[in-house]
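Right, one structure below, let's go through it.
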Amino acid sequence: MKILKINGGKELSGTIEIGGAKNSAVALVPAAILSDKVEITNVPDISDINALEKIVNYLGVQFVKNDDKVILDSTNLINKPITLEQSKLLRASSYFMGALLGKFKHVEIYFPGGCSIGARPIDLHLFGFEKLGARIINDGDKYIIDADNLVGADIDLSFASVGATINILLVATQAEGITTIRNAAREPEVGNVVDFLNSMGAKISGKDTSVLTIEGGLELKGGKIETIPDRIEAGTYVIAGAMVGNNLKIAKVIPEHFASLTDKLLEMGADIKIGKDYILASKSNNLNPVDIVTQTYPGFPTDLQQPITSLLTLANGESTITEKIYENRFQNVPYLIHMGANIKVENQTIKIKGPTKFKAGEVITTDLRAGAALILAALCAPGETTIKEVKHVLRGYENIIKKLRKVGVEIDLEDV
Ligand code: UD1
């Protein structure tokens, strides 16, 4: 088991550079197999990318990584069933459904893995595939999806799902005629995938809006994309700066992508300055409580809900967070309480009464962003905190040990 030891209570100063977005990169790699040879830059160094490398290698794709640049050559791509083990490696394994269905009109795969934060069904993905002409055979966790012909369609999503929007996009580029996706997710990561597919020769319009129109059936060749900066990684470190920073600079970001977070921090009276491509954050002793509701983009992201809970523990008064996206995303709460927070869970809302002081302790990470929340609490707590099961964190935060050490954190990763 991988554990983190953090000696907290110290100020953080200096610069943290943000890497490429996990949620973009994990879609860009499966999307790459729709073309022959592509280049993706600013790819984050995280274990989710290593998992995807294994899956594309299995499919006969050459994956060559040099620093943050990945060249994928799918000239010898073969369609093989994605195994149960591969499917469970991460949530984004589901993008092989769209990519292989589009490319071969046949895919065999299992229900995807990923953080256990709720049921996370894939019904909207399947609804879109069926609209485009696919037949689905589902036996337990296994899916066999076939099509004689893929034909463009008008697809109205009942929820603006990121995964469904991207997966349907992948198939729609290969379907004859025009596809329209209504109530499409507007997350910046979707726009990054749209730019990538268009660089291969696809014709997709409506980027960053809730209606995407795809002229399908065009041959996709080549392609080049830069992964956008990770707005969730950036947001996590901005929160760290607001908790224990002394002019902590979070660099290489697109502040507009996490304006819902910085708006809340300003409402709290946090000491942050927003630059063109950076944020400066410092600790403030006078933070107001706020109410937060998680929403789809451009609303407050569910992925920053757990991290900001740690900051709200320091605010003067009662804050609330209502989680609207996932039904089981408060697993960090018992551990934050163990470290001194005063939090009550009432259905999908938590009430955080501050200010309380974090104290060091031994806690367990249950999922990626819960881990980030515990790290933030540990940065504040004087003494040594041990965080177990940090493999979840390493899936999504690149070089987190190196980045935190550089700004003054005493942190060690141990394998026990
Ligand atoms: C992506 C992100 C994840 C983020 C989430 C919401 C990746 C790899 N992960 O996950 O970090 O928390 O967006 O911003 O990009 N839903 C259905 N049926 C479906 C699909 C989704 O009911 O077919 C529901 C889900 O259960 C959830 C909500 O829609 O309640 C949001 O899911 P979705 O936007 O699809 O998230 P993911 O793509 O899984």
Side-chain angles (χ1 to χ4, degrees), residues 20-31 44 46-49 51-52 55 87-98 111-131 136 138 143 145 155-171 181 183-193 210 227-228 230-236 257-258 260-261 293-308 322-332 348 367-373 392-393 395-397:
K22 162 188 166 288
N23 288 347
S24 270
V26 298
L28 296 172
V29 171
I46 52 175
S47 64
D48 268 5
I49 293 295
L52 289 172
I55 300 176
S87 305
K88 296 294 175 195
L89 286 173
L90 71 172
R91 176 74 182 173
S93 66
S94 66
Y95 293 136
F96 289 103
M97 280 188 177
F111 192 84
C115 286
S116 83
I117 50 181
R120 309 187 82 178
I122 55 166
D123 56 310
L124 296 171
H125 305 227
L126 303 176
F127 163 76
F129 299 157
E130 279 180 327
K131 282 273 193 179
I136 294 154
N138 171 214
Y143 292 84
I145 311 176
I155 301 170
D156 198 346
L157 295 176
S158 57
F159 182 88
S161 151
V162 174
T165 302
I166 292 176
N167 237 338
I168 295 167
L169 262 180
L170 300 181
V171 185
I181 309 177
N183 196 24
R186 286 180 290 162
E187 271 71 359
E189 293 76 17
V190 177
N192 210 190
V193 174
S210 50
T227 314
I228 55 169
D230 195 314
R231 64 196 165 98
I232 307 300
E233 185 198 16
T236 304
H257 285 174
F258 51 102
S260 58
L261 170 72
V293 179
T294 62
Q295 283 164 340
T296 55
Y297 191 83
F300 194 93
T302 170
D303 288 354
L304 285 174
Q305 177 267 104
Q306 290 159 303
I308 204 169
T322 302
E323 171 57 66
K324 291 269 197 187
I325 311 292
Y326 295 113
E327 61 276 18
N328 191 19
R329 212 170 200 188
F330 292 137
Q331 294 173 81
N332 49 319
Q348 285 312 107
D367 56 84
L368 171 60
R369 309 299 170 188
H392 297 291
V393 175
R395 280 190 29 226
Y397 284 90

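Residues: numbered from 1 along the sequence shown. Remember, it's 1-based here, ligands and their atoms both numbered in the order they're listed. Values below: all heavy atoms of this structure, side chains included; hydrogens, waters and symmetry mates excluded.
The backbone N or O of T302 sits less than 3.5 Å from a side-chain atom of R329, completing a donor-acceptor pair. Of the possible polar contacts, one joining the E327 side chain to the A119 backbone as a donor-acceptor pair under 3.5 Å is found.
Side-chain contact check for N167 versus I122: every heavy-atom pair is 4.5 Å or farther apart.
At a 4.0 Å heavy-atom cut-off, the residues surrounding ligand 1 are N23, V26, R91, R120, P121, I122, D123, L124, H125, F159, S161, V162, G163, T302, D303, I325, Y326, R329, listed by chain and number.
Classified by interplanar angle (parallel below 30°, tilted 30° to 60°, perpendicular above 60°), the ring pair F111/Y143 is tilted.
For the atom pair I325 CD1 and I117 CD1, the distance stands at 10.0 Å (nearest 0.5 Å).
At a threshold of 4.0 Å, the pair D230-K22 does not count as salt-bridged, since none of the basic side-chain nitrogens sits closer than that to a carboxylate oxygen.
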